[in-house]
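First the structure, in the form of structure tokens, and then the observations on it.
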Amino acid sequence: AGLVAGLALCTGCTKSESDASGSNSSAAGGDSSQVVATPGADSKTCDIATFGGKKLDLKTATVGFSQSEKEANPFRIAETASLKAEAGKRGVKLLTANAQSQFSKQISDVQDLIAKGADLLVIAPLNSDGWEPVLRQAAAKKIPIVTVDRKINATPCTDYVSFIGSDFTEQGKRAADEMIKATGGKGEVAILLGAAGNNVTTERTKGFEDRLQEKAPGLKIVFRQTGEFAREKGQSVTENLIQSKPGITGVYAENDEMGLGAVNALKSAGKKPGDVKIVTVDGTRNAVQGIVDGWIDGVIESNPRFGPLAFQTLDSFTKGAKVGQDIVIQDSAYTKGNATSDIGKAY
Amino acid sequence: MSASGVEAGRGSGVVRGERLSALAQQHGALVALLVLALVASFSFDSFATGDNIENLAMTSSFLAVVALGMTFVIVTGGIDLSVGSVFALGGVLAAWGSRYGALVALLLPLAVCGLIGCVNGLLIARTRLAPFIVTLAAMLAARGLMLNITDEGATTYLVDKETVFVHLGQGRLLGVGAPVWITGALFLAGAVALRRTRFGQNVYAVGGNEDAAALMGAPVARTKITVYTLSALLAGLAGALNAAWLASGVTILGYGMELDAIAAVVIGGTLLSGGLGFVSGSLVGVLLLKTIQNIINQIGSLDSAYQQVVSGGFLVVVIIAQTWLARRRRVA
Amino acid sequence: MTASPVSAEVLAVRGLTKRFPGVTALDDVDFSVRAGEVHALVGENGAGKSTLIKVLTGVHRADEGGVFHRGEPVAFGTPLEAQHAGISTIYQEVNLIPLMSVARNLFLGREPRTRLGLIDFRRMHTEAHQVLTAYGVDVDVRRPLRQLGVGAQQMVALARAVAVDASVVVMDEPTSSLEPREVHTLFGVIRRLRDQGIAVVYVSHRMEELYAVCDSVTVLRDGHHVHTGPLAGTDRLTLVSYMLGRDLGEVRSEGTTKFSGTHDTGGEPVLRAENLTRPHQLRAVSLEIHPGEVLGLGGLLGSGRSETAKAVAGALALADGRVTVAGVPVRTGSTVAAIRAGISLLPEDRKSEGIVPGLSVRENIALAALPQLSRYGLVAESRMDAVVDTFMKRLRIKASSPHQKVGELSGGNQQKVLLARWLAMNPKVLLLDEPTRGIDIGAKAEVQQLIDELAEDGLGVLLISSDIEELIEGSDRVVVLRDGAAIAELRADDVTADRLMRAIAQAAEEEASTEEEAATHG
Amino acid sequence: MADVALRNALPADRAAAVRWLQEYGVYAGVVVLLLFNVAFTDHFLSAANFRTQAVQVAPVLVVALGMALAIGTEGIDLSVGSVMALSTSLLSLYLGYGPWVALLTVVVGGVVIGLANGTLIAFVGVQPIVATLALMVGTRGLALVMLPQLKDVRDPTLLSLGSGDVVGVPYLVLIAAALAVVVAFVVRRTTFGRQLLAIGDSRPAAQLAGLPVRRVLITVYVCSGVLAAVAGFLSTARLSASDPTSLGQLMELSAITAVVVGGTPLTGGRVRVGGTVAGALLIQLLTATLIKHDLSPSWTQLAQAVVIILAVYAARERGKR
Ligand SMILES: Nc1ncnc2c1ncn2[C@@H]1O[C@H](COP(=O)(O)OP(=O)(O)OP(=O)(O)O)[C@@H](O)[C@H]1O
Ligand SMILES: Nc1ncnc2c1ncn2[C@@H]1O[C@H](COP(=O)(O)OP(=O)(O)OP(=O)(O)O)[C@@H](O)[C@H]1O
Ligand SMILES: [Mg+2]
Ligand SMILES: [Mg+2]
């Protein structure tokens with residue numbers, strides 16, 4: 001163990017490659033923070049009277065944040081950073097826990113946060129179902145819960161206050177639109193699926209498939225394999241794909257990392273930019289750079305900067321105001337048209 | 001005559017040393033757990049609270065049930081890598097079955113998981129394939145089966161709240177959750193089965209020296225088949241209880257659970273090479289792992305990467321301490 | 001007990017053939033045993049005795065021929081089936097569970113149970129204690145079996161086998177690790193079994209035992225059946241000639257042991273061990289061995305002889321003690337250091353501490369000498385072949401080729417491989433712990449002769465043997481251990497069986513200490 | 001007479017066939033899969049495809065070689081996947097000094113983790129599976145602490161290592177093949193190799209025979225660590241990015257499967273390097289086949305389970321009766 005510590009210590013003298021495009025900014029950028037998609041009056045709302053809690057002052061409250069996955073991909077990094085930054089700005093005490101992609105751990109994480117005295121909870125759920133024990137425990141203590149980026153299958157304004165996040169099915173549909181635009185609506189496409197059993201995978205697939213069926217029956221899905229949201233898997237799956245289906249027209253990657261893996265595979269197979277159309281979801285800087293370089297044709301954004309919106313929601317709610325139950329945020333998209341100008345907004 | 005008297009006298013000295021070492025072997029993990037808990041309750045106000053301890057007991061219970069089955073397997077000198085997948089499969093089957101009533105919700109996962117364990121045991125006992133590889137394949141197979149019945153994980157079956165089945169997960173008795181009671185009962189039964197029945201003796205014998213056990217007439221194959229079936233049954237049961245608790249058949253459960261269970265069993269003083277082990281130690285091992293996790297959450301502000309370093313470091317310290325306490329007379 | 005007519009065959013084989021890859025262990029062998037008869041099964045190492053027993057008891061399956069139990073053809077699939085049919089076996093290598101307690105080993109599979117179906121440990125412990133005391137083993141039956149010496153373990157195995165309701169009891173070299181006292185107990189047990197009408201199959205390399213207890217004898221040689229007849233009508237030399245396949249005259253000209261007289265033991269001691277101490281096991285044992293001398297180590301089972309040898313060889317961590325070889329101190333507690341200094345130990349338990357069963361004969365012989373047989377970390381194959389070849393010839397190791405796995409050899413040949421391993425090291429001091437245990441007379445004579453030769457070449461030899469005759473004839477000097485301490489030393493003319501027995505026997509303690517000077521060197 | 005001879009001949013033939021299967025079953029499995037693909041997979045028979053398969057298998061193979069050594073001593077090394085992650089982090093952090101310095105730090109990283117494993121196992125006496133499990137958790141964390149996020153690699157030398165070739169054979173494949181030859185040589189011809197096998201077969205006997213048991217064990221885990229680190233280096237070059245989160249995930253299981261399917265028993269005392277190569281190839285071809293035929297994840301996992309069992313069944317040591 002001592003050796004390991006030594007190893008950790010000597011990282012002081014590291015020297016990484018100089019980054020050509022400047023270091024990745026990951027904190028909540030000003031102009032790129034989330035915008036609510038439909039602040040229409042018709043959407044359902046929730047307030048503290050209906051929910052049944054006590055008003056409190058957010059400044060003196062303790063907020064617990066349960067992150068689902070390791071802060072190792074740009075989305076999670078930006079998400080956690082944004083919440084931490086906002087909490088810092090508002091002077092709120094924030095407790096964090098990270099489930100390391102293990103659902104059982106996330107359940108106990110949230111319970112630990114409650115036991116540790118969190119008055120309010122922000123949860124980035126790993127899975128939509130299975131929250132029963134947590135919800136009951138929170139309900140007993142009347143702790144308001146805001147879920148971010150994924151939804152919890154439960155009754156809003158009873159079990160939790162509101163959900164802030166993107167509509168993954170919608171993201172799939174928009175990706176399909178981009179794919180249709182790029183391919184002209186004809187040909188064969190492959191889907192690089194996310195991790196199996198994950199809602200995000202399911203919904204992004206469903207949206208994509210539905211929209212293709214509806215709008216471009218000429219575009220056939222001939223290949224569906226999981227790349228587990230990782231670049232390496234995306235690359236090796238795509239390598240096999242282009243060997244067995246050399247005529248593939250497009251690849252839809254359910255996140256940027258797999259899309260970038262696909263780009264790698266195409267490059268080393270000697271393809272040229274544009275030979276195979278690629279559409280991805282997330283909006284990381286590397287992927288947007290891919291558009292600029294011509295390899296990627298469209299990136300549907302999934303905005304991770306939940307901090308301001310989440311705290312604003314909690315603030316209004318604890319003051320007694322009405323907040324929306326479903327706060328769907330407006331995700332932008334990067335295409336050939338705006339990639340160069342908007343790359344600064346990517347995370 | 002007096003020669004044997006001297007021998008016996010000398011023997012008792014040896015026995016005392018041996019007993020002490022056995023005691024440390026059995027309770028090394030317990031000492032570590034107590035020290036850890038003591039330090040934690042002084043360092044964090046919210047550690048030694050009723051709520052926190054209840055959370056700890058609850059989250060530990062499912063892993064503990066899995067570790068119980070693993071203990072039997074490891075005492076026979078085997079290993080079962082399939083428990084994580086079987087746990088997930090059991091949960092999904094229970095949730096799916098709950099629409100047909102509590103009985104189906106409970107029996108279906110037990111039947112299917114028991115069958116998987118039985119196949120494991122048959123392959124290991126009859127064809128003498130290495131347990132590691134057989135159960136590795138079973139881990140893939142059980143995961144595949146689970147994905148297959150959930151449309152590749154897209155469908156999450158919810159537990160029917162009308163059936164009594166949910167009470168197995170969410171019910172409470174004297175302020176303690178049902179899974180905790182069930183776990184306690186299972187461990188009692190497990191301890192009796194391992195220490196006080198012929199089956200238990202055979203488990204030790206097979207792990208202690210398989211060839212000798214066969215020559216002594218112990219039913220080696222039957223014992224192995226039984227332990228793997230038992231392990232899968234318990235993993236399936238833990239999955240079902242977990243599904244009742246979560247009220248749904250979550251499809252992303254159980255990854256890495258086999259390693260947690262193995263770590264818990266070994267930290268609890270069971271020899272991976274077989275022939276020596278304690279059911280109670282495994283329980284302590286599980287609590288130790290979960291306490292480490294809990295303490296990391298008590299700190300409350302660690303980056304995910306640091307969390308892993310810390311829990312890895314803890315693990316190293318715990319196993320060094322445990323091995324040191326349990327250090328036995330060297331073979332050499 | 002099923003007492004059948006004295007003449008009835010309880011267990012028999014006809015035309016039995018058993019092949020292993022590369023060897024035919026048994027070739028068309030007939031054998032039978034009757035109720036109330038003690039039937040000796042003898043033959044050189046590798047003759048096929050153990051294999052025959054394993055076929056009889058369902059461990060191996062016959063390739064050809066059949067097994068008959070009370071006249072009915074049977075095919076036992078497992079030892080368990082054989083046990084259910086009333087055939088109880090003590091196998092050659094102790095086959096018990098080392099980590100389990102003595103009592104659990106004794107009762108495995110037939111534990112007394114309470115009304116709830118749970119094991120009644122109290123009853124089990126009392127009964128185990130009673131049974132074992134009857135066999136002269138007085139131990140805490142709750143202790144793990146591995147803490148017992150090999151001999152005591154053997155007695156547990158014996159007690160276990162006899163306790164089962166059996167019509168046939170098979171014993172494969174049960175006495176190889178027993179003390180005379182225990183052998184005596186064993187014979188009592190065998191006679192009682194015979195009187196109860198139980199058939200006993202008895203395998204041993206010790207002639208005097210056969211004549212003491214057996215009624216009839218079957219001789220195997222190289223997997224063939226050579227002779228069956230009443231033992232009373234066959235004299236020792238005839239039997240030996242059957243076993244060796246040589247004629248009577250040739251055998252007669254050789255003696256019982258191959259040791260010559262005493263050796264010239266002048267000069268400085270080549271090995272000096274002082275004050276070896278280890279809690280519970282060794283109490284300030286000191287030894288000296290001179291070049292060309294064979295020092296015997298006598299004592300009862302568990303007196304600490306093996307521990308002494310292991311301590312000298314660096315295989316045990318010591319609380320205190322110094323070892324010097326030719327005046328140069330050796331770091332204790334390190335086998336590497338001991339071997340480098342020229343100390344070699346032939347361990348007592350060859351199955352688990354000696355051979356590396358999965359490696360070939362060749363690799364096993366060269367194992368310890370590897371550093372000498374290689375250059376720049378690469379093995380010099382031709383030199384290795386030469387060494388292996390020399391020693392396989394010199395010790396007459398019987399293997400299908402140097403590449404056969406050692407695990408497949410017969411016990412005696414495994415022992416020879418180990419001896420070869422150590423001789424290849426050119427040691428200064430050779431510690432031999434039961435070097436002839438389980439070795440046939442032919443090989444035994446060879447080993448004894450070898451010990452003599454080595455001593456004459458100037459080696460210091462430490463000899464541990466439970467065979468009193470061997471110890472007396474082989475040693476120039478004998479140190480007697482009891483209870484982990486050296487209590488007596490016999491020199492020159494005092495090295496006699498009688499003196500040794502007296503020194504070992506506890507009652508002789510005072511006598512011994514007045515007559516012989518205390519062996520503990522100041 | 002002739003009758004008897006015939007009766008004997010038959011089982012002898014069968015025994016020979018069984019032994020042949022045991023020895024060469026993996027290779028046969030690889031051939032069967034190849035034939036299946038040639039018959040049923042479109043565009044399988046192309047140089048590019050074989051290159052792809054070879055390049056994909058290279059890192060697994062390198063890790064499996066180290067794993068085979070650990071398994072040969074009756075041990076196991078679960079930390080290999082995390083060592084790959086650590087190596088990619090170190091690589092990224094030190095690439096500024098040039099690829100050779102980076103390679104050096106990567107190797108040092110592998111040595112350090114190997115030493116830690118080896119020390120726990122040889123000196124403290126912790127069981128290998130537990131010791132390496134603890135380091136597996138900690139090392140992955142360490143890798144993430146050093147490099148919290150995926151980072152692209154632009155060094156031209158490294159990129160050409162990942163995608164370049166000599167007369168059509170990719171560098172990665174050449175390096176993996178060379179390492180396989182070296183490991184085979186070490187196992188067969190060196191003192192170290194013999195000692196390793198003896199320790200794996202019977203540790204007490206090896207100890208009493210005066211073998212440097214601890215030194216050999218530590219060396220074995222250091223080798224395993226270094227090979228895993230090299231595999232991490234190669235994977236990074238291929239991926240042209242350092243991704244400590246996902247690099248090497250579940251690699252330990254793939255490597256163990258390759259080793260065991262290749263006929264090396266988990267009980268130690270034997271190391272089959274050729275079999276390990278074939279085992280890695282078998283798993284690679286199987287995965288590729290399933291992907292090419294676009295099987296869903298559930299069927300993929302079920303099929304893998306069946307093939308692993310079949311392969312190991314063919315190569316199993318028959319109980320001698
Ligand atoms: N499992 C096995 N595999 C291969 N060969 C074997 C096996 N068991 C025994 N043999 C061979 O069969 C022959 C007979 O061996 P066996 O053990 O029956 O001899 P034995 O008469 O008992 O000798 P010893 O007196 O040394 O015990 C030997 O050549 C031995 O090498
Ligand atoms: N009959 C017995 N009763 C009680 N304890 C015994 C008995 N036999 C052996 N032991 C224990 O086993 C331990 C190991 O004995 P060890 O084998 O070293 O003795 P030994 O003198 O070498 O005898 P041998 O080589 O004849 O077996 C001793 O510490 C002793 O306490
Ligand atoms: Mg024999
Ligand atoms: Mg002894």
Side-chain angles (χ1 to χ4, degrees), chain C residues 17-21 54-55 58-64 77-78 310 313-315 334-340 343-347 349-359 363-364 366-381 384 405-408 418 421-422 425, chain D residues 3-5 7-12 14-16 18-20 22-23 71-74 125 182 185-216 219 264-272 317-321:
Chain C
T17 297
K18 174 71 193 169
R19 295 184 201 89
F20 289 114
K54 286 184 177 168
V55 173
V59 178
H60 291 319
R61 233 180 290 244
D63 290 323
E64 277 163 43
T78 62
K310 282 190 170 183
S334 155
T335 49
V336 182
I339 289 169
R340 199 167 290 156
I343 302 175
S344 287
L345 165 70
L346 189 77
D349 186 352
R350 73 166 164 262
K351 191 178 173 189
S352 70
E353 298 189 327
I355 58 163
V356 181
L359 294 191
E363 314 258 311
N364 264 283
L367 192 64
L370 267 179
Q372 286 91 304
L373 292 177
S374 49
R375 209 174 296 150
Y376 313 119
L378 299 187
V379 179
E381 302 286 345
M384 185 163 152
K405 282 188 186 175
V406 164
E408 294 169 358
L418 288 182
R421 177 193 291 170
W422 293 118
M425 294 293 293
Chain D
D3 213 70
V4 174
R7 230 177 354 144
N8 289 346
L10 247 152
R14 255 212 13 230
V18 161
R19 227 171 311 135
W20 184 89
Q22 195 175 317
E23 203 64 32
I71 289 179
T73 63
E74 206 178 356
V182 169
F185 181 80
V186 165
V187 171
R188 295 222 180 137
R189 308 311 293 264
T190 63
T191 321
F192 169 72
R194 305 283 164 95
Q195 293 177 334
L196 179 161
L197 296 181
I199 290 169
D201 203 348
S202 171
R203 196 159 155 187
Q207 189 109 41
L208 280 181
L211 304 195
V213 175
R214 290 174 175 174
R215 199 176 71 209
V216 171
T219 315
T264 301
L266 280 167
T267 42
R270 181 142 196 241
V271 173
R272 286 184 60 185
E317 297 265 343
R318 299 302 195 272
K320 293 183 193 87
R321 295 192 42 106

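In the text below, chain A, chain B and the rest are named by the order of the sequence lines, each starting its count at 1. The figures that follow rest on heavy atoms only: side chains count, while hydrogens, waters and symmetry mates do not.
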Turns out that what part of Leu373(C) lies under 4.5 Å from chain D's heavy atoms comes down to neither
Under 4.5 Å between any side-chain heavy atoms of Arg194(D) and Val379(C), yes or no?
-> yes
Next item on the list: Using a strict cut-off of less than 4.0 Å between a Lys/Arg side-chain nitrogen and an Asp/Glu carboxylate oxygen, indicate whether Glu363(C) and Lys405(C) qualify as a salt bridge.
Entry: no
Note: Lys18(C)-Glu64(C) ion pair, threshold 4.0 Å (strictly below) | no
The interface call for Leu345(C) against chain D, heavy-atom contacts under 4.5 Å, is side chain
Smallest heavy-atom separation, Thr335(C) atom then Gly210(D) atom, equals OG1-CA, 3.9 Å
Honestly, the part of Arg340(C) sitting under 4.5 Å from a heavy atom of chain D is neither
With chain C, the option among Pro212(D), Gly193(D), Ala198(D) that has the most non-hydrogen atom pairs under 4.5 Å is Ala198(D)
Of all heavy-atom pairs linking Gly200(D) and Glu74(D), the shortest is O-OE1, 3.4 Å
Interface check, chain D: of Ala313(C), Ala369(C), Pro357(C), most non-hydrogen pairs under 4.5 Å belong to Pro357(C)
